Amino acid sequence: MSALMERSDQGAPAGKGSRRTMPGMDGFWVFVAGDLAMFTLMFVTFALARADDPAGFEAARLTLDADRGGINTLVLLTSSACIASALTALRRDAVGQARRWILAGVGGGAVFVVLKSLEYAAGFDAGHAPDTHEFYVYYLTLTGVHLGHVVAGCVLLLGFWVRLGRRPEGGVVGFETAAVFWHLVDFLWLLIFPLLYLAR
Amino acid sequence: MLTERPTWMTWGLLAAASIVTTWILSADSVDRRWALVAIFVVAAWKVRLVMTDFIELRRAPLLGRLAFEGWAVLVPLTLVVLLWQ
């Protein structure tokens with residue numbers, strides 16, 4: 001964590017051409033690959049289970065609020081754009097601007113957490129628990145693990161917000177790595193949402 | 001020559017695609033299988049757009065691009081096949 005919070009210039013992009021390394025810290029991409037493997041396994045397992053009981057899964061899917069899921073998608077995309085803007089500002093050494101973008105990005109993450117918590121509460125109130133249908137086991141596992149990522153991302157980004165306020169000098173690789181994590185959280189949701197809420 | 005899209009434009013494309021997916025393609029009036037394909041094609045495009053524009057994989061080494069952008073295509077394709085029935 002402390003290594004991630006350091007801001008070194010190593011590996012920083014140079015202009016518009018191709019770069020020699022992946023964005024952020026190279027080692028972090030091992031974590032990204034592992035995370036993607038885990039989610040891929042969950043996606044495929046869900047799809048196979050759904051194929052065994054399409055009617056039951058469809059009935060359970062209809063109990064979810066796709067409108068709320070769509071709004072959450074827009075919230076996460078906006079938050080991701082804020083973090084991309086924060087990185088652009090940081091590369092220009094506009095630290096104050098970068099911190100404002102980071103706060104806006106974390107705000108988006110917080111809105112997502114609140115909306116998701118309200119969704120869970122409404123679901124449990126309506127009796128949509130894992131013991132009522134297998135669908136809810138997958139729903140709670142996929143969205144729960146993803147929600148954990150959102151919370152971790154918010155904490156990480158807030159750490160950078162504080163860090164940049166105290167020591168604004170330095171490079172951008174640490175923040176670039178945190179941004180990769182935040183965008184990972186974003187694009188995972190772009191697959192979780194249609195899989196659970198939209199696919200009939 | 002690599003083209004760089006402004007962040008607001010990438011956000012606009014992603015938001016517009018999300019609105020189409022959530023409130024148009026998922027409507028009951030759209031054929032289930034066509035909707036399934038369309039929803040996951042759009043999802044794959046959106047995931048790839050986040051990777052290329054927000055994560056900046058557009059400027060990453062070819063092998064890295066192939067691995068992660070390939071994932072963005074293969075996973076939705078696999079899901080469509082499994083959910084087709």
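Letters A, B, ... mirror the listed sequences (proteins, then strands); counts begin at 1. Model, not experiment: these values are computed from the prediction.
- Residue contact with chain B, scored on non-hydrogen atoms closer than 4.5 Å, involves the side chain of T73(A) exclusively.
- Put simply, CG on L76(A) and OG on S18(B) are 10.0 Å apart, with the number rounded to the nearest 0.5 Å.
- Here A27(B) is the residue among A72(B), A44(B), A27(B), A67(B) with the most heavy-atom pairs under 4.5 Å with chain A.
- Contact detail for F40(B) and A199(A): the closest heavy-atom pair is CE1-CB, 4.1 Å.
- Heavy atoms closer than 4.5 Å to chain B are found in both the backbone and the side chain of L195(A).
- Between F46(A) and L82(B), the closest side-chain pair of non-hydrogen atoms is not below 4.5 Å.
- Linking Ile, Leu, Val, Met, Phe, Trp and Tyr whenever their side-chain heavy atoms come within less than 4.5 Å puts Y197(A) and F124(A) in one cluster.
- When all heavy atoms are compared, the tightest approach of F193(A) to T22(B) is CE2-OG1, 3.3 Å.
- Proximity to chain B at a heavy-atom threshold of 4.5 Å picks out A51(A), P54(A), A66(A), D67(A) from residues 51-68 of chain A, in numerical order.
- Taking CG from L77(A) and CG from L14(B), the interatomic distance works out to 5.0 Å, rounded to the nearest 0.5 Å.
- Tracing side-chain contacts under 4.5 Å through hydrophobic residues (I, L, V, M, F, W, Y), one never reaches Y139(A) starting from V44(A); they form parts of separate clusters.
- For the set L36(B), L83(B), T78(B), the entry with the most heavy-atom pairs within less than 4.5 Å of chain A is L83(B).
- Taking the charged nitrogens against the carboxylate oxygens, E56(B) and R91(A) do have a contact shorter than 4.0 Å, which makes a salt bridge.
- Donor-acceptor pairing under 3.5 Å is recorded for the side chains of T40(A) and W71(B).
- Scanning for side chain to side chain donor-acceptor pair (under 3.5 Å) contacts around R166(A) gives an empty result, with sequence neighbours left out.
- Sorted by first and then second residue, the salt bridge (Lys or Arg N to Asp or Glu O under 4.0 Å) pairs involving residues 184-200 of chain A (not counting sequence neighbours) form an empty list.
- Aromatic pair W29(A)/F68(B): centroids less than 6.0 angstrom apart.
- Judged as a side chain to side chain donor-acceptor pair (under 3.5 Å), and not counting sequence neighbours, the contacts of T10(B) are D53(B).
- Proximity to chain A is limited to the side chain of W23(B), based on heavy atoms less than 4.5 angstrom apart.
- Put simply, the side chain of M51(B) reaches to within 4.5 Å of the side chain of F187(A), judged on heavy atoms.
- Atoms SG and CZ, from C82(A) and F54(B) in turn, are 9.0 Å apart once rounded to the nearest 0.5 Å.
- Looking only at heavy-atom pairs under 4.5 Å with chain A, the residue among I19(B), V80(B), V81(B), V30(B) that has the most is V30(B).
- Looking at L62(B), neither its backbone nor its side chain comes within 4.5 Å of chain A, counting heavy atoms on both sides.
- Chain A forms the most heavy-atom pairs under 4.5 Å with one residue out of D28(B), T21(B), V75(B), and that residue is D28(B).
- Note: L49(B) CG to L190(A) CG = 9.5 Å, rounded to the nearest 0.5 Å.
- Around CH2 of W189(A), the count of heavy atoms belonging to other residues, nucleotides or ligands within 6.0 Å exceeds 12.
- Under the 4.5 Å side-chain contact rule for hydrophobic residues, M38(A) and L36(A) share a cluster.
- Both I39(B) and V41(B) belong to a single network of hydrophobic side chains, linked directly or stepwise wherever heavy atoms of I, L, V, M, F, W or Y lie under 4.5 Å apart.
- Heavy-atom pairs under 4.5 Å with chain B were tallied for V180(A), L87(A), T78(A); the largest tally goes to T78(A).
- Residue V47(B) is grouped with residue F31(A) when hydrophobic side chains (ILVMFWY) are merged at heavy-atom distances under 4.5 angstrom, including chains of intermediate members.
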